[in-house]
Amino acid sequence: MPERALFNLLDLAGIFVFAISGAAAARQRDLDLFGIVALAFVTACGGGIVRDLCLGALPPIGLADWRYLAIATLGALATIGAYGWVRRLRYPVLLFDALGMAMFAVAGTQKALGMGRNAETAILLGMFTAVGGGILRDMLLGRVAVVLEREIYASAALLGTLLVVLADHFHWGAAWATWPGLLACFGLRYLSLRFSWNMPRFGRREGGPES
Amino acid sequence: MPERALFNLLDLAGIFVFAISGAAAARQRDLDLFGIVALAFVTACGGGIVRDLCLGALPPIGLADWRYLAIATLGALATIGAYGWVRRLRYPVLLFDALGMAMFAVAGTQKALGMGRNAETAILLGMFTAVGGGILRDMLLGRVAVVLEREIYASAALLGTLLVVLADHFHWGAAWATWPGLLACFGLRYLSLRFSWNMPRFGRREGGPES
Amino acid sequence: MPERALFNLLDLAGIFVFAISGAAAARQRDLDLFGIVALAFVTACGGGIVRDLCLGALPPIGLADWRYLAIATLGALATIGAYGWVRRLRYPVLLFDALGMAMFAVAGTQKALGMGRNAETAILLGMFTAVGGGILRDMLLGRVAVVLEREIYASAALLGTLLVVLADHFHWGAAWATWPGLLACFGLRYLSLRFSWNMPRFGRREGGPES
């Protein structure tokens with residue numbers, strides 16, 4: 001029971017920080033009040049909504065459960081009301097974002113496995129739960145998806161989902177299907193931030209001095 | 001029966017003007033004939049298609065009912081053939097766009113409620129029916145979604161869906177679940193156009209004189 | 001049986017070249033390793049995934065069948081490892097892209113018809129199977145969808161789907177519902193490339209000399 005409560009808390013904390021990230025991006029682009037709330041909601045709940053569409057889990061939980069919309073709206077209002085504060089707290093926000101992302105990756109994978117999908121579907125949908133909201137946010141803003149461009153982010157989500165699928169495959173029980181994935185995903189993301197690790201790039205190599 | 005006929009007429013008029021808005025945007029970006037028709041179709045039917053996906057109402061009506069495609073194509077061809085005319089008629093087009101948007105918001109909410117979804121799902125999907133087509137149009141054109149950036153548009157849709165959900169909750173009957181929402185949504189949108197009302201913005205406030 | 005094997009081969013070849021096109025676009029934009037693989041996968045499988053969502057064929061085959069992900073990843077790695085080679089082979093890549101696109105159009109239409117959808121749904125989803133991956137690729141990169149802007153591409157897909165639907169309507173049998181559509185779609189695309197045919201455009205006509 002306390003584990004369940006911790007999980008719920010982390011989930012809602014994830015929604016909140018994802019909403020902040022969406023709202024901050026919307027505010028930078030000078031969107032109006034509605035645009036900011038909408039972008040906060042899409043960033044926080046969009047990945048889960050697409051996952052539920054692909055799973056046939058209708059209606060998507062992000063649309064049907066009022067708490068998601070409420071907390072996303074709260075995150076948007078907090079960003080509007082305390083924008084300077086949000087910017088100064090950049091580090092804790094990144095930390096919670098990493099926690100939320102790890103949560104989303106693990107929870108998305110578990111939901112897919114719980115509905116009887118195979119390992120590949122669970123991995124892909126777990127990853128999309130974690131990174132899909134940010135991708136939709138960037139699509140709405142007409143810019144290249146940051147997640148695809150920068151840093152160890154999706155790769156951390158991949159690591160988390162793999163550990164969940166592994167534990168599920170060998171029937172190691174619920175705790176093993178949760179905590180190693182959660183910690184590894186969060187840990188890899190945190191370390192990559194701490195030490196500025198990046199995934200390799202290959203573009204513009206042939207470009208010469210101007211690249 | 002006459003009410004039903006009026007409703008159908010408004011629905012198809014909404015499709016037509018949404019198609020014009022999509023086709024005009026495509027034409028400005030120099031898309032080819034196919035691109036113009038595709039953008040007209042997506043703008044007119046995209047919101048409803050995503051709504052139907054989220055409701056599990058398959059196949060989506062926008063794909064299965066030939067009249068939607070036919071009228072969207074007609075709107076695209078009208079825009080191509082009479083572009084100057086469409087631009088000079090900017091005001092009636094905005095008027096019909098407001099009518100279509102109000103129609104879509106009300107009809108989307110009613111469809112979700114009719115399929116047994118809860119109030120929050122109905123509100124969110126009603127709003128997305130109204131604004132989703134325009135958002136998809138802008139995503140295809142690689143630009144920030146206008147709906148999120150400008151004017152009282154989504155807020156008017158929200159007002160309309162709220163009135164529908166309210167009337168449904170208190171069992172006030174079909175007429176009350178239709179007309180107040182339709183009129184309030186159209187009215188708010190019309191007044192905001194007439195008097196150039198805008199939603200508040202918050203971005204760039206700290207930017208100083210150059211912002 | 002040999003026909004079935006040929007079909008499977010073409011399908012996987014289509015996935016491979018679509019993945020190359022996605023990975024090449026991602027590499028040009030300087031995305032990281034994960035971004036390149038993700039864009040390859042979305043370009044190759046995105047159209048089919050959305051088609052399956054609209055058909056209610058869950059989970060989408062592109063998520064559940066490991067071969068799709070494997071071949072898309074292979075295409076991405078090939079693009080990274082042999083980028084100069086991919087660029088020099090631009091012509092065969094275009095050729096295989098045309099083959100893959102024709103395959104996707106025909107297979108998408110047949111899947112929709114096989115699930116009992118009407119002709120219009122089958123045509124629209126067949127077309128989206130063929131062009132949707134490229135559209136999603138461009139949306140992720142924040143640019144106007146190339147498919148809507150350029151050349152005879154979607155029109156070739158439309159021709160292919162029409163021939164499939166026609167053959168299905170008159171019960172001409174599986175061969176007639178496959179080969180004419182496949183050949184016409186591929187042929188029109190090939191000829192349009194060979195002779196630089198384009199769809200008519202209408203934009204900027206009133207722009208004067210600077211347009």
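To find a chain, count down the sequence lines: A is the first, B the second, and so on, and within it residues start at 1.
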Of the backbone (N, CA, C, O) and the side chain (C-beta and beyond), which part of Ala38(A) lies under 4.5 Å from a heavy atom of chain B, both, or neither?
side chain

Under 4.5 Å from any heavy atom of chain A - which part of Met127(B)
side chain

Heavy-atom pairs under 4.5 Å with chain B, option from Val37(A), Leu69(A), Leu39(A) with the top count:
Leu69(A)

Below 4.5 Å from any heavy atom of chain B, which atoms of Leu33(A) appear? Answer side chain, backbone, both or neither.
both

Distance from Leu158(B) atom CG to Phe34(A) atom CZ, nearest 0.5 Å?
7.0 Å

Of the backbone (N, CA, C, O) and the side chain (C-beta and beyond), which part of Asp52(A) lies under 4.5 Å from a heavy atom of chain B, both, or neither?
neither

Any side-chain heavy-atom pair from Leu140(A) and Met139(B) closer than 4.5 angstrom?
yes

List the atom of Leu58(A), the atom of Arg117(B), and the distance in Å for their closest heavy-atom pair.
CB-NH2, 4.2 Å

So, for Thr121(B) and Pro59(A), which heavy atoms are closest and what is the spacing to 0.1 Å?
CG2-CB, 4.2 Å

Could you look at Asp138(B) and say if it's the side chain, the backbone, both or neither that has a heavy atom under 4.5 Å from chain A?
neither

What part of Leu53(B) gets within 4.5 angstrom of chain A, counting heavy atoms only: side chain, backbone, both, or neither?
both

Would you mind checking which part of Leu125(B) comes under 4.5 Å of any heavy atom in chain A, side chain (CB onward), backbone (N, CA, C, O), both or neither?
side chain

Closest approach of Pro60(A) and Cys54(B), non-hydrogen atoms and distance?
CD-O, 3.6 Å

Nearest heavy-atom pair of Asn118(B) and Ala64(A): which atoms, and what distance?
ND2-O, 2.8 Å

